[in-house]
Q: 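Take a look at this one; I'll ask things after.
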Amino acid sequence: ALAAANDKYPEEAFKQKSDADVIKTLYGKTAEPSDKVKMDAPEIAENGAVVPISVSTTLADVTSVAFLVSENPNVLIAKYNIPAGTLPSVANRIKMAKTSNVTVLVEAGGKLYSASKEVKVTVGGCGG
Amino acid sequence: MASTIRVRASSNGDITEVQALIQHPMDSGFVKNAKGETIPPHFIQQLTFEHDGKNVFAADWGGGISKDPYVKFAFKGAKKGDELKISWVDNKGATDTTTAKIQ
Amino acid sequence: LSGSLPRLARGADNGGVYDLERSGNARILHITDTHAQLRPVFFREPSVNLGVGPMQGNPPHLVGRAFLDRFGIRPDSADAYAFTCLDFEKAAGRFGKLGGFAHLKTLIDRMRSEGGSGRTLLLDGGDLWQGTGLANTMRGIDMVEAANLLGIEAMTGHWEFTYGEKALRANLERFKGEFLAQNVYLTEEAAFNDAKAFDPASGRVFKPSVIKEIGGYRVAVIGQAFPYVPIAHPKRFTPDWKFGIRDEELQKLVDTHRNTDKVDAVILLSHNGMDVDLKLASRVTGIDVVLGGHTHDAVPQPIAVTNAGGTTLVTNAGSNGKFLAVLDLDIGKGKIKDARYRLLPVFSELLKPDPAMQALIDKTREPHEVTLNEKIASADRLLYRRGNFSGSMDQLICDALLGELNAEIALSPGFRWGTTVLAGQPLTMEDVMAQTAVTYPETYVQTMTGGQIRDVLEDICDNLFNTDPYYQQGGDMVRVGGLAYTCTPTETVGKRISDLKLDNGRALDADKHYRVAGWASVNEQTGAPVWDVVAKHLRSGKPPNRSPPGVTLKGVEGNPGIAGQA
Ligand SMILES: [Mn+2]
Ligand SMILES: [Mn+2]
């Protein structure tokens, strides 16, 4: 119902198989790594099916945020639209099929910024 | 029937922090069941949060969001007692909507 | 000690080893990873403790002679026996057992009285409640009582969590000290359901830190629980909690203590493991000393790590009650002026057991004595566990799994706890339990393809040898029976394990299915508890399998983390 009032669902972007293709399909421009994009993700996932990941940024005029997992069958996980008045800070939980690079994209002032981190998915067990 | 959507919205002066937890299988379409058959995709595609007739947050989701999705964000311009309206629609066209009072 | 061993002249036969020069105005005492060993034990330090990448050749990744050289310890000395594996059996006969809580209490009380009233603090780094048959049966209550009598003022945890939330909370009700953990949070579901938490606003489940007054100065002690509890153990024990290293939250906490609470010193009581602590100390500022545990490294001197805010000392205090760390601080306003650290081996024969603690231990053991003391076999050789790849005790467990469960391949977890039994000594149920006492002891048999087996070995190996400590999670390498392989620790994940061969010499076929037996799975299993399987195997009197462990190491020639074979 209300969801229809949203921007159009980016169907094509969700089908892409590489970070580059997602970025091209979704934004049509390239992303620049920025230390102003702060991603909080575990080094080792406690459960690959539920990996808590969040992002915040000090960049101004943020209009959207997206989460990408390079090794997942579909790379794009989520895109969040941030209207004026909403803070550029989002937390969610994602699935990871295996150890992968996780990338957060932040669209701010018409430009695209990114941060990445490897998150390890392990079978676990053992210990001191 | 109880809503699939649970919301916690709390105002701290100018900023309202919102957390939502939604019951949904979020099947990606890439997982097989015990019999070896592929479980068809079934996931929420769009989720919106509305305050005072305005969108304050909107999500586009793929099948890579975890089962029973959780999301947290914050926005300005609301006060205690205001209502938030939350809705989702999934890839099969199912929807749910709820409202929550900002605490 | 049994009369079967030759009694040589003692090298440390006077209590003079405990006459410490006094310094400073505050004394912090630290024990860690005692693994519930209430009585004195033999514990052989590892002959393989490899460091790779930046960790190669640096403490704690030194063994044997390289260890003695690095820390200036005289060969054949009592310290050489306590800290290394060199001439272990001979030295064991000479210097005897170490640890025991009655002996520990005597030493702690002495260090306390010398430190001065109101000027000492006793901290425990966790892995206190688990590791023996007694603790397993009593769900750690025995250790809570011992901790109270010892006077532990604060602790953090790891294996404590494997008793589950209910037992953990019940034990903490009885515990007179503080349980500290800055890095344990409610899951989102648990927070929505208003699950119990120390701080519901942040979701922190436990009190993160405590400020103690010592000799007129304020010392903040922050707890850091083992960051990977839900990965290393079945998730069902801690379904509502999330862990992780969380060094950003830690930094905020340190800053609050420094800037708002105006403390004079900050101590991190950590169960991260030493490599993780060394990296953490390079990133987080404002911590004076990390008192570390988990990796069971007995490191005689702190490692000074520089970071953007100054220097942080990182220590690790060994395991199984073998050591008491004594940290003498000279605290001034807002800073530590001087620190002096000693890791004292607890030579049981040099310390008169404290009568009250001995009475508590005897009373607690009494109803279980017959079961624990049952002699099952004799040790046919030195039986020990600790080491990166294998130990004779684990070979025995693998033999039991292969034989009793009719499997082609056995897998046994690379736990770092588990005591040592000398050749010729009786092997009791208590000894078997000291290797196997977990809350998920069920054995299993499953079919796995050769490819899956290799993937599991690769995965576990990366948890041990990833060159970034924050991506290490494991204990030591999983032990294998019926299988040989080559390991190249310096490689990257997916490339470390090669030349997998079955005992019959055939190469492991990636597509073929094999019967694999194991225990301590993170998934729920239903087989007999492993201690019964091992006891049955020992009672059957089958001839011991003395073939060497089938691990060939590549690319680590000259690494001072190896003394002798893998
Ligand atoms: Mn331990
Ligand atoms: Mn531990």
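Chain identifiers are assigned alphabetically (A, B, ...) following the order of the sequence lines, protein sequences preceding nucleic acid strands; residue numbering begins at 1 within each chain.
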Q: Looking at A/Asp61, I'd like to know if its CG atom is crowded, meaning that more than 12 non-hydrogen atoms belonging to other residues, nucleotides or ligands lie closer than 6.0 Å.
A: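 No - once you tally the heavy atoms of other residues, nucleotides and ligands closer than 6.0 Å, there are 12 at most.
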
Q: For A/Ile94, is it the side chain, the backbone, both or neither that has a heavy atom under 4.5 Å from a heavy atom of chain B?
A: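 Contact with chain B involves both backbone and side-chain atoms of A/Ile94.
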
Q: If the contact rule is any heavy atom under 4.5 Å from chain B, which residues of residues 32-55 of chain A qualify, in numerical order?
A: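 Listed by number: A/Ala49, A/Val50, A/Val51.
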
Q: Tell me, side chain or backbone of B/Lys67 under 4.5 Å from chain A's heavy atoms, or both, or neither?
A: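 Backbone only.
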
Q: For B/Lys32, which residues count as a side chain to side chain contact (heavy atoms under 4.5 Å, CB included) partner, sequence neighbours excluded?
A: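 So B/Lys32 forms a side chain to side chain contact (heavy atoms under 4.5 Å, CB included) with B/Thr38.
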
Q: In residues 86-93 of chain A, which residues are in contact with chain B at a heavy-atom separation under 4.5 Å?
A: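 Listed by number: A/Thr86, A/Leu87, A/Ser89, A/Val90, A/Ala91, A/Asn92, A/Arg93.
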
Q: Checking side-chain hydrogen bond (donor to acceptor under 3.5 Å, both in side chains) for the pair A/Tyr80/B/Trp61: CA distance, chi angles, key distance, verdict?
A: CA-CA 8 Å; A/Tyr80 297 95; B/Trp61 281 347; 2.8 Å; yes

Q: Would you mind telling me which of B/Gly29, B/Gly62, B/Gly77, B/Gly93 has the largest number of heavy-atom pairs within less than 4.5 Å of chain A?
A: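 Ranked by contacts with chain A, first place is B/Gly62.
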
Q: Given that the side chain runs from C-beta out, which part of B/Ser28 has a heavy atom under 4.5 Å from chain A: side chain, backbone, both or neither?
A: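 Both backbone and side chain.
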
Q: About how many Å separate OH of A/Tyr9 and CD of B/Gln45, when rounded to the nearest 0.5 Å?
A: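 Answer for the CD-OH pair, B/Gln45 versus A/Tyr9, is 4.0 Å.
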
Q: Please classify the contact between B/Phe30 and chain A as side chain, backbone, both or neither, with a heavy-atom cut-off of under 4.5 Å.
A: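 For B/Phe30, side-chain heavy atoms alone lie under 4.5 Å from chain A.
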
Q: Of the backbone (N, CA, C, O) and the side chain (C-beta and beyond), which part of B/Phe43 lies under 4.5 Å from a heavy atom of chain A, both, or neither?
A: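 It is the side chain, since no backbone atom gets that close.
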
Q: Do other residues, nucleotides or ligands put more than 12 heavy atoms under 6.0 Å from B/Lys76 NZ?
A: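 Not buried by this count: 12 neighbours or fewer within 6.0 Å.
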
Q: Tell me, for B/Leu21 versus chain A, whether the close heavy atoms (under 4.5 Å) come from the side chain, the backbone, both or neither.
A: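 Side chain only.
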
Q: Can you tell me if B/Lys54 has over 12 outside heavy atoms packed within less than 6.0 Å of its NZ?
A: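 Atom NZ in B/Lys54 is not packed in, count stays at 12 or less.
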
Q: Listed by residue number, which members of residues 102-113 of chain A have a heavy atom under 4.5 Å from any heavy atom of chain B?
A: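 Expected list: none.
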
Q: Could you tell me which non-hydrogen atom of B/Gln46 sits nearest to which non-hydrogen atom of A/Lys8, and how far apart they are?
A: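 Looking at all heavy atoms of both residues, the shortest contact is NE2-C, 4.2 Å.
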
Q: Roughly how far apart are B/Asp60 CG and A/Asn81 CG, rounded to 0.5 Å?
A: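 It comes to 5.5 Å.
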
